[in-house]
Amino acid sequence: MALPKVVTHQDRLLSVNIHDSHEFPGSEPGSTIIPLFLDRENGIWVLYGKFEPGTRLPAHFHTGTVHFFTTKGQWNYVEYPEDAQTAGSYLYEPGGSVHTFSVPADATEAAEGFMVVYGANVIFDEAGTFQSVRDAGAIEEGILAAARKAGLPIPRYIRPKGGAEITGNK
C-alpha cells in the first residue's frame, strides 16, 4: 500500500502548553481550569484543572465518558472514599455515572489533573435538584467572559473549525 495523500494539511502542529496559559476560574471556588481543546459541535472538552484543598464540586451526572489523569495531589469522589486518586492515577468514568468530586480539606497541596470529557455534566445541588449543564460551549463562554473581565487576550486552545453548513448547489 502506498503512503496516503494528505487530506488535512497542517502548516503547524495543533499544540498548546499549560505553562503558556492563564488559569481561569472553575465552576466552584477553589478550582481553576486551563482550556486545551473545546469542541462545541462534538461535545468534547479537554481541560487541565487545579483544585485547592477543601474544594468540593457539586454532584453531577455525566452524559458521556470521562478520562482523568491526576498529575499532583490527591482527590476522591465522596461516593467512593476508599478510592483516592493520587499523582499518577488514571480514572475512566463511564457515561451515566454520578458522583461528587472532593479534595480533602487537610490535603497538603492542590490536586491537579488532565481531563477529557465527552458530552456534558448535568449539575445538581445538595438536595438533588437540577442546577445547570456544563458542556464545551458553556465552558468556552465562561472562559472568554473571564478573559474579557480580566483584560486578558483570548486564551490559546484548540477549537476545531467546522460548523454545520450546506455546500453545493440545490
Side-chain angles (χ1 to χ4, degrees), residues 16-19 21-150 152 155-159:
V16 294
N17 188 311
I18 63 169
H19 301 295
S21 300
H22 291 281
E23 293 180 353
F24 291 92
S27 63
E28 298 298 319
S31 66
T32 58
I33 56 174
I34 297 173
L36 302 172
F37 179 91
L38 299 172
D39 183 346
R40 290 172 176 245
E41 253 182 52
N42 292 300
I44 302 168
W45 33 296
V46 181
L47 306 172
Y48 189 83
K50 183 176 181 180
F51 308 91
E52 296 298 329
T55 300
R56 182 175 169 150
L57 304 182
H60 55 279
F61 170 85
H62 285 284
T63 64
T65 60
V66 177
H67 302 267
F68 194 111
F69 182 76
T70 303
T71 58
K72 291 183 182 177
Q74 176 182 325
W75 65 274
N76 64 279
Y77 287 129
V78 172
E79 299 80 4
Y80 304 96
E82 302 303 317
D83 294 328
Q85 301 297 298
T86 59
S89 295
Y90 164 75
L91 175 70
Y92 170 77
E93 301 172 21
S97 60
V98 177
H99 43 252
T100 309
F101 179 99
S102 180
V103 179
D106 61 354
T108 59
E109 65 180 332
E112 297 184 29
F114 169 82
M115 64 193 87
V116 179
V117 182
Y118 293 82
N121 285 0
V122 182
I123 313 296
F124 296 88
D125 68 12
E126 296 273 336
T129 304
F130 169 80
Q131 292 297 301
S132 63
V133 174
R134 189 165 168 84
D135 62 6
I139 290 167
E140 185 172 44
E141 291 302 319
I143 286 168
L144 294 175
R148 282 190 298 273
K149 184 177 178 181
L152 295 171
R156 181 179 165 89
Y157 57 92
I158 298 166
R159 182 176 193 238

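- For N17 (side chain) and H19 (main-chain N/O), a donor-acceptor pair under 3.5 Å exists by modelled atom type.
- Note on ring orientation: taking the six-membered ring where Trp is involved, the planes of H60 and Y77 are perpendicular (angle over 60°, cut-offs 30° and 60°).
- Counting all heavy atoms, side chain and backbone alike, F69 lies closest to G88 at CE1-O, 3.5 Å.
- Judged by distance alone, with hydrogens and angles left aside, the side-chain atoms of S89 form no donor-acceptor pair with the main-chain N or O of T70 at under 3.5 Å.
- A 4.5 Å side-chain heavy-atom check between E140 and W45 finds every atom pair outside the cut-off.
- Using a 3.5 Å distance cut-off with no hydrogens or angles, the side chains of S21 and Y48 do not pair a donor with an acceptor.
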Passes side-chain contact (heavy atoms from CB on, under 4.5 Å), N121 versus H62? Steps please. CA-CA 5 Å; N121 285 0; H62 285 284; 2.7 Å; yes
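- What you find for R56 and E28 is that their closest heavy atoms are O-CG, 4.1 Å.
- The distance from atom CD1 of I33 to atom CG of L47, rounded to the nearest 0.5 Å, is 5.0 Å.
- F68 pairs with exactly one of Y92, W75, Y90, F114 by the ring-ring contact (aromatic ring centres under 6.0 Å, His included) rule, that one being W75.
- Annotation: the span from H22 atom NE2 to R156 atom CZ amounts to 13.0 Å, rounded to 0.5 Å.
- Across all non-hydrogen atoms, the minimal contact from A136 to I44 is CB-O, 3.7 Å.
- To the nearest 0.5 Å, atom CG of residue L38 and atom CD1 of residue I143 are 5.5 Å apart.
- The pair K72-E109 fails the salt-bridge criterion, with no side-chain N (NZ, NE, NH1 or NH2) lying under 4.0 Å from an Asp/Glu carboxylate O.
- The minimum heavy-atom distance between P155 and L144, with the atom names listed, is CD-CD2, 4.1 Å.
- Nearest heavy atom pair, residue T63 against residue A120, reads OG1-N, 2.7 Å.
- Atom CD1 of I123 sits about 8.0 Å away from atom CG of L57, to the nearest 0.5 Å.
- A donor-acceptor pair under 3.5 Å is absent between the side-chain atoms of E52 and the main chain of K50, judged by distance alone.
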Given side-chain contact (heavy atoms from CB on, under 4.5 Å), test L36 with Y157 step by step and report yes or no. CA-CA 5 Å; L36 302 172; Y157 57 92; 5.7 Å; no
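- Side-chain atoms of T55 never come within 3.5 Å of backbone atoms of V103 as a donor-acceptor pair (strictly under, hydrogens ignored).
- In this pair, F130 and F124 present their aromatic rings perpendicular. The plane angle is above 60°, beyond the 30 to 60° band.
- Taking both residues in full, the closest heavy atoms of S31 and S27 are given as OG-N, 3.6 Å, listed atom of the first, atom of the second, then distance.
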Kindly determine whether E93 and M115 satisfy side-chain contact (heavy atoms from CB on, under 4.5 Å), including the steps that lead there. CA-CA 11 Å; E93 301 172 21; M115 64 193 87; over 6 Å; no
